[in-house]
Every structure is written in C-alpha cells, then in structure tokens.
**Q** 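Mind having a look at this structure? Questions to follow.
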Number of protein chains: 2
Amino acid sequence: MTVHGDLTGVSAGENPLHRATDILGKKWHPLLVHTLLTEGALGFNDIKNRIDGISDKMLSEALNDLQDAGVVVRDVIDDKPVRVNYSLTPAGQDLGPIIEALLEWSHEHFPENA
Amino acid sequence: MTVHGDLTGVSAGENPLHRATDILGKKWHPLLVHTLLTEGALGFNDIKNRIDGISDKMLSEALNDLQDAGVVVRDVIDDKPVRVNYSLTPAGQDLGPIIEALLEWSHEHFPENA
DNA sequence: CAGTATCCAAATAGATACTG
DNA sequence: CAGTATCTATTTGGATACTG
C-alpha cells in the first residue's frame, strides 16, 4: 500500500507542495535550475547565453527568487572585473532528479512534442 | 555518471518540461491531481468539498485544463440527475509519485513549514 | 448536481533603457 | 561583466450571478 501525504482539505497556497510548485511553475525557473544542474556554477552572462530568449530582467528576477527559495547560491569572486557565480544549494540539487522525472514523464506520455 | 536530458539552449515554452510545469505551476492543479490520486474518481461537488477555498469557476477551469492536458478524464453517468465523474488518466497517475517526491523534498529541506 | 458568463483585481512577463 | 528601473501587456485568479 502506498502512503500518500495528506493534503486533503488544505487550501492551495499554504501547503508544503506550494514551495516546490511555486518554483516549478514560473516560466524560466525550472530551465534555470536544470541548466545549473547540468553545467555547474555559471556567471550571469554564461547563463544568459545558455537560456535562449531570457532577458536580463527575467534572469535577474529568477535568480533572486531562487536565492530566496533556498535553491540557488550566489558567490562573488572578487576579481577585476568582479565575477559572480551561481550554483545550486543541496536543496536545488535534490530538485534535479525530480525535474528529470518530469522530463521522463513527458517523453513517456507525450512523445510527439519531445 | 548521471545522464541528464538535454535542455540546453532551449527556450522555455516549447520544451517538454513545459508540459509538466504548466500543470504543476497552476494554483489548484497539483492539489486537484493529488486529490483524485488519493481518493479516486469524484464528482464535481465532491471535489469542491475536498479542496478548501476553490470556487466553481476555478474548479471548472482546472478540470478543463487537466482534460486538455491528458491528465484527467471526464465520465458522464447518465442518471437522473446526471452524474459526472472525474478521474486520472494513466499519465495523471504517473504524476502522483512525482508530486509525492515534491512533497518529500519540501519536508526534507524546509521542515519548518510542513 | 454540474457547470458557464461577466466583470474586475492582482500577479507575471516583456521591451527598453540605464548604472557601477 | 552584472545587474536595476520603469512602464506596459498579458495571464491568472476571484466574486457574483446565472443556467440546464
């Protein structure tokens, strides 16, 4: 028998699931996490070049969100010019397999658009 | 070595991940899937009574979205009055473990809000 | 019981320009 | 290189009322 977490009667918005879906549901966030997952630590413009179509503003906001969510860390390397590296926290890394599972789910059930 | 699906250089919106995150990111959808997962087939008002705070309109929209996404099926039972049952497709059921994983992820990394 | 229509508010996304 | 500010457009969410 599979035990499922009890969410019955809960209102969306203050349930534990929300912490995860709030990240996954944003337009660029999952892609961003996935990029850091596969490529390791990257600088601002490195990320920009890897995510097609993202603007400075969107990337900046996404990175801030993800830091607040405890998924991404920002490291300032004090060179000239200054370097900033973004990478995943342990929580961020643990999101990896789940994103992979989502990808696999999509491939399995909707092979046409993948 | 873990092989990760290649999403590099892809623009959000037309990638396979999007099919899943588009569902998970909506306010009521994950909860709705989770409810059908743990309780099986339910009628419109049965669902309403189990998801606290959801309005008719929101539930209606969510159910339509989920049908379009291939995650939920609608069965009309031709009684008097008419009964309608909503349940998960195989794709919807396969989303279950992923939602559980998300829940577990949240508990593990952010025990305070669960 | 099982929904849809309408109208409005709030959140999110995008373009463009600018800064240290 | 690494961002923020501003302003606008689009999407989503919610209240209320109504239908077969």
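Not measured: the values here are computed from a predicted model. Reminder, nothing fancy here: chain letters follow the sequence lines and each chain counts from 1.
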**Q** Would you check if the side chain of A:Ser106 reaches a backbone N or O of B:Leu17 as a donor-acceptor pair within less than 3.5 Å?
**A** no
**Q** So how far is it from A:Thr21 OG1 to B:Lys27 NZ, rounded to the nearest 0.5 Å?
**A** 11.0 Å
**Q** What's the CG-P distance between B:Asp46 and C:dC1, to the nearest Å?
**A** 8 Å
**Q** Mind calculating the distance between CG (B:Asp75) and P (C:dA2) to the nearest angstrom?
**A** 13 Å
**Q** Between A:Arg74 (CZ) and D:dC1 (C1'), how many Å, whole number?
**A** 12 Å
**Q** Under 3.5 Å, is there a donor-acceptor pair between the side chain of B:Arg83 and the main chain of B:Asp79?
**A** no
**Q** What is the distance, to the nearest angstrom, from the CG atom on A:Leu42 to the C1' atom on D:dG3?
**A** 17 Å
**Q** How many Å lie between CG on A:Asp52 and P on C:dG14, as a whole number?
**A** 12 Å
**Q** Can you name the closest pair of heavy atoms from B:Ala69 and B:Arg19 and give their distance?
**A** O-NH1, 3.8 Å
**Q** In the 5'-to-3' direction, what one-character label does each nucleotide of nucleotides 10-16 of chain D receive under the scheme B = base within less than 4.0 Å of a protein heavy atom, S = sugar-phosphate only, - = no such atom?
**A** --SSBB-
**Q** Does D:dC1 have OP1 or OP2 sitting under 4.0 Å from an N or O in the side chain of A:Tyr86?
**A** no
**Q** Look up atom CD in A:Gln67 and atom CZ in A:Arg74, then write down how far apart they are to the nearest 0.5 Å.
**A** 6.5 Å
**Q** I need the CG-P distance between A:Asn64 and D:dA2, as an integer number of Å.
**A** 14 Å
**Q** Is A:Asp22 reaching over with its side chain to a backbone N or O of A:His18, donor-acceptor style, under 3.5 angstrom?
**A** no
**Q** Checking side-chain contact (heavy atoms from CB on, under 4.5 Å) against A:Leu88, which of A:Leu32, A:Leu36, A:Asp94 comes through?
**A** A:Leu36
**Q** In whole angstrom, what separates A:Asp65's CG from C:dA13's P?
**A** 9 Å
**Q** Now, which nucleotide makes the Watson-Crick or G-U wobble pair with C:dG20, with each of the two distances under 3.5 Å?
**A** D:dC1
**Q** Strictly below 4.0 Å, heavy-atom distances to any atom of DNA chain D: list the hits from residues 78-85 of chain A, or just say none.
**A** A:Val82, A:Arg83, A:Val84
**Q** Testing the basics here: between A:Asn85 and A:Gly43, what is the closest heavy-atom pair and its distance to 0.1 Å?
**A** OD1-N, 3.8 Å
**Q** Quick check on B:Glu104: does its CD atom have over 12 non-hydrogen neighbours (other residues, nucleotides or ligands) under 6.0 Å away?
**A** no
